[in-house]
Enquirer: 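Okay, here's the structure, questions in a sec.
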Amino acid sequence: MKTCLIGLKIEKLAEIVTSLGEKPFRAKQLYEGIMLGKELEEMTNLPKSFISALSENYTAQGVKIVKKLTSKDGTQKYLFALNDGNVIESVVMEYKYGKTICVSTQVGCRMNCAFCASGLDGLVRNLTAGEILSEVIVANRDNGGNKDKRAITNIVLMGSGEPFDNYDNVAEFLRLVNLKDSLNVSLRNVSLSTCGLTEGVDKLIEDGLFVTLTFSLHAADDETRNKIMPVNKSHDIADIIAAAKRYFNASGRRVIFEYSMIAGVNDDLKAADKLAELVRGFPSHVNLIALNYVKERGLKGTDRSKVKAFCDRLTEKGVSATIRRTMGEDVDGACGQLRRKYLG
Ligand code: SAH
């Protein structure tokens, strides 16, 4: 398989360029072409002979669009093929302030949460930093953006996979996407969601990668969380709250708690009261969402009126909480609906 150039720094590209007998300044042109999502053959500012020599062992394609579905609400779901034939999904959502891409970090997922489609096949493999970056580059290009005028302004690591189960590649992706000559996305505009692998939180702190950190909490007591999230056996609610506090203290950024409401499981007002107790005392925000339907999982989302009552209860108790709009559900592009696909 050819080596993918996405994710290589300019210095590394310069080595490759000079090894093929070209001048080092070609590395910058190559890097710019890569960041625009161009295929090698499209880089017409580079000598043809150089491109053909380069193409023998390298490719500028990390992910390729296999299919794109657009939802009634404008949400775009991409099926991306990786160079090894695996297929992943990413979603682009349009908000008033710009477009946000939700990227996958793994093919499949090993966390096996009881409500989520991503873990149905287990973990297939980690994505490389270049592949994650490629999801952003390709969607940016497809949405009419370039390097100076990005169509995609915000990134959320909330697609398939558990980012902290692939820490090194995710951290490298965060560094790469933030480079001035790359897509120059401020980490303030990046959100990372974890099911609670709290060692990843401490690594982010150590590495100074201060994104907006989101914890998938989904329960206010361990008994309930154990039933729906196997990860709770090793990383329980107390661990998560402690890590959230450490993150706030180190970064000064308020943390977000995701709470997907499942009918009859975690949605009574007693749970709201317990949740309010848990998140008291440091700046945080609770995002409520009614569970999206995943047919193999069989769990149902909480009714609107009950979600609203839960939210009101949290607000009464002084918790900052909002109900999140579900987007892209008609194309199976909503939270928890992304899954591994096969090319067939
Ligand atoms: N593994 C990470 C990143 C995935 S983010 C994490 O767990 O945070 C995807 C978010 O959607 C998580 O909060 C996840 O718990 C939630 N989710 C999963 N399945 C869902 C469903 N069916 N309906 C609503 N939210 C769901």
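Residue numbers count from 1 along this sequence. Whatever order the structure lists them in is the order used to number ligands and atoms, beginning at 1.
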Enquirer: Quick one: list whatever passes salt bridge (Lys or Arg N to Asp or Glu O under 4.0 Å) with D268, sequence neighbours left out.
Expert: none
Enquirer: Using only heavy-atom distances, determine whether the side chains of Y97 and N189 contain a donor-acceptor pair under 3.5 Å.
Expert: no
Enquirer: With sequence neighbours left out, what residues match F210 under ring-ring contact (aromatic ring centres under 6.0 Å, His included)?
Expert: Y247
Enquirer: Walk me through it: do N143 and Q76 pass the test side chain to side chain donor-acceptor pair (under 3.5 Å)?
Expert: CA-CA 10 Å; N143 276 269; Q76 309 158 40; 2.8 Å; yes
Enquirer: Just to be sure I understand the cut-off, which residues have at least one non-hydrogen atom under 4.0 angstrom from an atom of ligand 1?
Expert: F115, C116, M158, G159, G161, E162, P163, S193, T194, C195, S216, H218, E258, S260, L291, N292, V294, C335, G336
Enquirer: With distance as the sole criterion, is a donor-acceptor pair present between the side chains of Y95 and N154 under 3.5 Å?
Expert: no
Enquirer: Could you pull out all residues at least two apart from F164 that satisfy ring-ring contact (aromatic ring centres under 6.0 Å, His included)?
Expert: none
